[in-house]
There are 2 protein chains.
Amino acid sequence: MDWQTFLSKAGYRLSEPRKRIMKLMEMADKPLNPLAIHRLLREQGVHLGLVSVYRTLELFFSLGLISQVFQPDGLVGYLPVSFGHHHFIVCQNCHKAVEFLGSEDMQELIQRIHSETHYQVRDHLLQFYGLCPECQALLENGDIN
Amino acid sequence: MDWQTFLSKAGYRLSEPRKRIMKLMEMADKPLNPLAIHRLLREQGVHLGLVSVYRTLELFFSLGLISQVFQPDGLVGYLPVSFGHHHFIVCQNCHKAVEFLGSEDMQELIQRIHSETHYQVRDHLLQFYGLCPECQALLENGDIN
DNA sequence: TTGTTATTGATAATATTTTTCAATAAGCCA
DNA sequence: TGGCTTATTGAAAAATATTATCAATAACAA
Ligand SMILES: [Zn+2]
Ligand SMILES: [Zn+2]
Ligand SMILES: [Zn+2]
Ligand SMILES: [Zn+2]
C-alpha cells in the first residue's frame with residue numbers, strides 16, 4: 001500500500017501541498033527540515049505556506065510515513081520511510097542517506113541492557129554516520145578532510 | 001580524570017556557572033534542555049543568564065563531557081556522560097535515563113550495512129526507550145497506560 | 001595581590017514554531 | 001457532473017527558542 005492510499009484510508013485528504021511535500025522528500029536523498037522544504041518548493045515555483053509544511057510533517061510523522069533523522073550535530077530532518085523495521089545511514093559529508101533493514105541482532109544487547117539496568121526495553125533509535133561511496137572517493141583524492 | 005580537571009587541562013576556566021550547571025545535570029537523572037536548566041537553577045536561587053546556559057552546554061558538548069539525548073518525540077536534552085563508549089536508555093514515562101556500556105556486538109551489523117550500502121561506517125547514534133523499574137510497577141498497577 | 005583575559009549577563013537581534021481564523025478546495029453524494 | 005460539507009490551507013500575529021554584541025566581572029597565573 002502506498003502512502004496516498006494509506007493517508008486516504010486513515011481519513012485524511014490527499015491535498016496538493018501534501019503531495020508536493022512528500023514528492024520532494026522522495027526525490028531528495030537527504031533529510032530535509034521544514035525551512036528547507038519550504039525554500040526548495042518555492043524555488044521550483046510551488047508557493048505554499050511554511051505553516052502547512054510544519055503541519056504536514058507533523059501529520060506524516062505521527063502516521064509513521066516519514067522518520068526523523070538526527071545529524072551528528074543534533075539537527076533534525078525528515079525522510080520518507082519504508083514500512084517495517086528500518087534505519088538510516090547518513091553521509092557525514094554530503095548528508096545523503098540510505099535506509100537499511102533493521103536486524104534482530106540487537107536481541108542480546110537488549111537482553112544485557114535489561115539485566116544491567118532492569119529497564120524494560122520497548123523501542124530504539126539507531127542511526128549510522130559515515131561516508132557514501134562518492135564521498136569516499138573525494139576523501140581519497142584529498143578533496144575533503 | 002574528572003570533568004573539572006579535564007576542563008582545566010583543555011585551557012578553560014572552572015567558573016561558578018559551569019560548576020552549577022554540571023552539578024545540576026549530575027543530580028538530575030533525566031535529560032535537561034537549556035530552558036529547564038535555567039529554570040531549575042533559578043528555583044534553587046542560582047541566578048544566571050540563559051545565554052550562559054547555552055554557551056556552557058555547547059562547550060561541554062563539544063568537549064564530549066555531556067551527550068545529547070533524543071526523546072522519542074524528537075525533543076533533546078543533555079546528560080553528563082562517562083568516558084568511553086556508552087549509550088542511554090530513557091524511560092518513556094518519567095524520562096529517567098541510565099547509561100550502559102556500548103558493546104562491540106554491532107560489528108556484524110556494520111559489516112552488513114557496508115556490503116549493502118557501500119557506505120563506510122564511522123559513527124553511530126544508539127538510544128533505547130522503555131520503562132524504568134518504578135514505572136513498570138506503575139504500569140502493573142494500572143496507574144499509567 | 002595584581003594584571004590579564006576568558007567568561008558572564010543584559011539587551012537586542014534572529015530564527016523557529018505555534019496559534020488563530022477566514023478563505024479555499026478535496027472528496028462525497030445526488 | 002455539480003453542489004455540499006468540512007478538512008485543510010495560507011496569512012498574519014503571537015509565542016518560543018537561539019544567537020550576537022559588548023561592557024562588566026571574576027578566574028587564575030605570576
Ligand atoms: Zn556523501
Ligand atoms: Zn532497529
Ligand atoms: Zn520511569
Ligand atoms: Zn555504540
Side-chain angles (χ1 to χ4, degrees), chain A residues 1-25 31-63 65-66 68-71 73-78, chain B residues 2-25 31-63 65-66 68-78:
Chain A
M1 181 165 53
D2 60 8
W3 71 270
Q4 314 201 359
T5 311
F6 185 85
L7 204 64
S8 285
K9 293 208 173 178
Y12 296 97
R13 294 182 182 173
L14 201 55
S15 72
E16 198 57 32
R18 285 175 183 165
K19 281 190 275 191
R20 294 288 194 175
I21 291 170
M22 183 59 96
K23 187 174 182 183
L24 178 68
M25 285 192 291
L32 300 176
N33 62 32
L35 263 359
I37 290 174
H38 185 247
R39 184 175 44 75
L40 288 171
L41 285 177
R42 292 225 166 179
E43 281 173 9
Q44 62 185 65
V46 181
H47 190 94
L48 81 173
L50 176 59
V51 184
S52 299
V53 178
Y54 275 99
R55 279 185 295 221
T56 300
L57 291 175
E58 184 185 16
L59 175 66
F60 286 174
F61 184 66
S62 72
L63 292 174
L65 295 174
I66 59 179
Q68 292 182 323
V69 175
F70 301 92
Q71 300 293 120
D73 57 347
L75 291 183
V76 57
Y78 295 85
Chain B
D2 59 8
W3 71 271
Q4 313 199 359
T5 312
F6 185 85
L7 203 64
S8 284
K9 292 208 174 178
Y12 296 97
R13 294 181 181 174
L14 200 55
S15 72
E16 199 57 32
R18 284 174 183 166
K19 281 189 275 191
R20 294 287 194 172
I21 291 170
M22 183 60 96
K23 186 174 182 183
L24 178 68
M25 285 191 292
L32 300 176
N33 63 31
L35 262 359
I37 290 173
H38 184 247
R39 183 175 45 76
L40 288 170
L41 285 177
R42 292 224 166 179
E43 281 173 8
Q44 63 185 63
V46 180
H47 191 96
L48 82 172
L50 176 58
V51 185
S52 299
V53 179
Y54 274 100
R55 280 186 296 221
T56 300
L57 290 176
E58 184 184 17
L59 175 67
F60 287 173
F61 183 65
S62 71
L63 292 174
L65 294 175
I66 59 179
Q68 293 182 324
V69 174
F70 300 93
Q71 300 292 120
D73 57 348
L75 291 182
V76 58
Y78 295 87

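Chain identifiers are assigned alphabetically (A, B, ...) following the order of the sequence lines, protein sequences preceding nucleic acid strands; residue numbering begins at 1 within each chain.
Residue Pro34(B) places its side chain closer to dT18(D) than to any other of dT18(D), dG10(D), dA10(C). The side chain of Leu50(A) has dT17(C) as its nearest neighbour among dA10(C), dT9(D), dT17(C). Closest approach to the Leu14(B) side chain among dT8(C), dG27(C), dC28(D) is made by dC28(D) (side chain taken as heavy atoms from C-beta onward). Taking the side chain of Tyr54(B) as heavy atoms from C-beta on, and the options dT19(D), dG10(D), dT17(C), the nearest nucleotide is dT19(D).
Annotation: Gln4(A), atom CD; neighbour count of heavy atoms from other residues, nucleotides and ligands within 6.0 Å is above 12.
The interatomic distance linking Arg20(B) (CZ) with dT7(C) (P) rounds to 19 Å, in whole Å. The distance between atom CZ of Arg13(A) and atom C1' of dT24(C), rounded to the nearest whole Å, is 11 Å. For His38(A) and dG10(D), the NE2 to C1' distance is 10 Å, given to the nearest whole Å. Regarding Leu57(A), its CG atom lies at a distance of 15 Å from the P atom of dT8(D), rounded to whole Å. The interatomic distance linking Asn33(B) (CG) with dT16(C) (C1') rounds to 15 Å, in whole Å.
When each of Arg55(B) and Leu59(A) is assigned the nucleotide of DNA chain D with its nearest heavy atom, Leu59(A) is the one assigned upstream, toward the 5' end. Heavy-atom distances to DNA chain D give each of Tyr12(B) and Leu48(A) a nearest nucleotide, and the one nearer the 5′ end belongs to Leu48(A).
One finds a side-chain N or O of Arg18(A) lying less than 4.0 angstrom from the OP1 or OP2 phosphate oxygen of dT8(D). Phosphate proximity of dA26(C) to Ser15(A): absent, as no side-chain N or O sits under 4.0 Å from OP1 or OP2.
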